[in-house]
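For reference, the structure is listed below as C-alpha cells.
Letters go in sequence order (proteins before strands), and every chain restarts at 1. Because the structure is predicted, anything quoted here is derived from the model rather than measured.
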There are 2 protein chains.
Amino acid sequence: MRSAHDDRTARAVIRDRALELFAARGPDSVTVRQIASAAEVSPGLVIHHFGSKEGLRSAVDEHVAGVFDGLFARAEAGGLDMSDGRSFAETLLENLPPGSPIPGYLRRLLLAGDAAGTAIFRRWFAAGAAAADALVARGLMAPGRDPVVRTAFVMAGDLMLLLLRDQLADVLGVDPLGAEGAARWAEEVLDIYRNGLFGTEGETS
Amino acid sequence: MRSAHDDRTARAVIRDRALELFAARGPDSVTVRQIASAAEVSPGLVIHHFGSKEGLRSAVDEHVAGVFDGLFARAEAGGLDMSDGRSFAETLLENLPPGSPIPGYLRRLLLAGDAAGTAIFRRWFAAGAAAADALVARGLMAPGRDPVVRTAFVMAGDLMLLLLRDQLADVLGVDPLGAEGAARWAEEVLDIYRNGLFGTEGETS
DNA sequence: CCAGCTGCTGAACAAGCGTTTAGTATATTG
DNA sequence: CAATATACTAAACGCTTGTTCAGCAGCTGG
C-alpha cells in the first residue's frame, strides 16, 4: 500500500492518466472506466477521489493551470532561456517532459473556448506584454501604433506553433518545433520582423 | 417527394443542425436524439438517412469541405475581394452567412487533428502559396529566404484570427473580426509587414 | 486492544446511448 | 390498377455510461 505522502499516490496517477487521455481524445470521448483501467484502479476509486467525472476534469484543469503558472513565474523571474528569436512555445516545450500531454490539452482547452483555457491565454498574453514592454524600454522593439494589437499578433504567432504544429509539419515537411524546423521558422520570422514582408533586402547571411 | 438536390430536404436539415451542434459542443457530446430533436424529426430518421452517427459525421465533414472548396475555387478565379491587407479569414467570414457554424467547426477539425481538417488546411496553404507567388511576381512581396516557411507563417497568422477569435476578443476588448477590431488588426499587421517589428519609423513608406 | 479512519474493490444501479424493427402514409412505377 | 419504393415514426433492444453501495484491508489515535 502506498503512503499518503508518496509522490505517486493513486490519486495523482489517476489525474495524470486522465490528462493524457483527455489530451489525446477529448474528455467527452474518454470514459471513467478507461481512465481507471489506464491507472490500474477500479472505476469506483476514480469517483471516490474526485467526486465525479466532472470533478476529475476540473482537477486536471487546475493541475494544468498550475504547470503554466509555474512556467510563467519562472519566465518573469528570468529563470528561463528567453533570448531573442526564441519563441515562448519553444521554451515551454523544452521545459516540459518530452511527449508531455500538456500542449495537446491546452489545444483542446482553447478550441473548446473553455474558461480554464481563456485564463491561461490571458496569463500568456500578460507575459508577452511584459516581455514586449521590456524590449521597447531597451530600444530593441518599436511599440507600434497599437501596442496591444501588436503584442497580441506576436503572441498569437507564437502560440500557433503549438496549436497548428501537426498541420504545419504536414505542409512544411518538417516539424516546426523540432530542431531543424524551429531553426528555419525562427530565421524566417526574424527576417520578417526585421525587414518586413516587402523588404527588398533579402541578402542571405 | 422532394428532389435529391433540394437543400431543404429533411436530410439536409438534419445535416445542418448536426453541423451547428457539432461546432458548438463537439461531435462526441452531441447525441443523435438531440440532433433529431433540433431537426424536428425522429432519431430513427437520422440513422435512416446517414446509416449511423459516424456516417452523419462524415457527411458533415464532406459538406464543410465542399463549402471550402467552393470558396477556394472562387478565390482562385478572382471572384473574391482579396485586396491587399485583407486577411483571407476576413474574406471567408464575409462570404458565409452571419453566425455560420462553419468557422467553429473548422476550429474543431483543426485542433482535434482530424484528417478532414488537415485536408482543408492543405488547400488553404496552397491558396496562400499561390497568392504569395502572385504578389512576388508583381514585385509586391519579397519571397524571403525560405518561401515555404514564409507562406506558412503568414497563412497561420491569418488562420489564427479564426481560431483564437474569442480569446483575442477577450484580451483586446474588441472582436478582431468585427468592424473596428479588423481595422485595427489589419493596420498593425500591415505596419509590421512593411516596417518590421524593430523599425523606428512609424511612418508608412 | 479496538474503534475509526482512509484507500480501495466488485457488483449492481438507473439513465441514456446508438441502433433495430415493425409499421404507416405517401408517392412512383409498370 | 396493384406493386413497389421511399420518408418517416414509435417503441423497443442491448449495451455502455457515470455513479452508488456494501464490504474488506491496513493504518492511526485513544
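In this structure, the CG atom of B:Asp28 is 16 Å from the C1' atom of D:dG18, given to the nearest Å. B:Arg11 has its CZ atom 10 Å from the P atom of D:dA7, to the nearest Å. If you measure from atom CD of A:Glu40 to atom P of C:dT9, you get 10 Å, rounded to the nearest angstrom. Remark: P of D:dT9 and NE2 of B:His49 are 9 Å apart, rounded to the nearest angstrom. Atom CD1 in A:Ile14 sits roughly 14 Å away from atom P in D:dT19 (whole-Å rounding).
Ring pair A:Phe198/B:Tyr193 is perpendicular by interplanar angle, where above 60° counts as perpendicular and below 30° as parallel.
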- Go through A:Glu188 and A:Arg184 one step at a time and tell me if the salt bridge (Lys or Arg N to Asp or Glu O under 4.0 Å) criterion holds. CA-CA 6 Å; A:Glu188 191 61 31; A:Arg184 283 176 60 186; over 6 Å; no
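Within the 4.5 Å cutoff, the side chain of B:Asp170 has no heavy atoms near those of the A:Phe125 side chain.
B:Val41 comes within contact range of the sugar-phosphate backbone alone, with a heavy-atom separation under 4.0 Å but no base atom that close.
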Would you tabulate the side-chain donor-acceptor contacts of residues 98-108 of chain B under 3.5 Å, counting partners in other chains and residues two or more places apart, or write 'none'?
{"unit_1": "B:Ser100", "atom_1": "OG", "unit_2": "B:Ile102", "atom_2": "N", "d": "3.1"}
{"unit_1": "B:Tyr105", "atom_1": "OH", "unit_2": "B:Asp61", "atom_2": "OD1", "d": "2.5"}
{"unit_1": "B:Arg108", "atom_1": "NE", "unit_2": "B:Phe22", "atom_2": "O", "d": "3.4"}
{"unit_1": "B:Arg108", "atom_1": "NE", "unit_2": "B:Ala23", "atom_2": "O", "d": "3.0"}
{"unit_1": "B:Arg108", "atom_1": "NH2", "unit_2": "B:Ala24", "atom_2": "O", "d": "3.3"}

- Letter per nucleotide, 5' to 3', of nucleotides 14-23 of chain C [B base touched, S only sugar-phosphate touched, - untouched; heavy atoms, 4.0 Å]: ---BBSB---
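Distance CZ/A:Phe68 to CZ/A:Phe121: 12.5 Å, rounded to 0.5 Å.
Listed by chain and number, the residues in a side-chain hydrogen bond (donor to acceptor under 3.5 Å, both in side chains) with A:Asp166 amount to none (sequence neighbours excluded).
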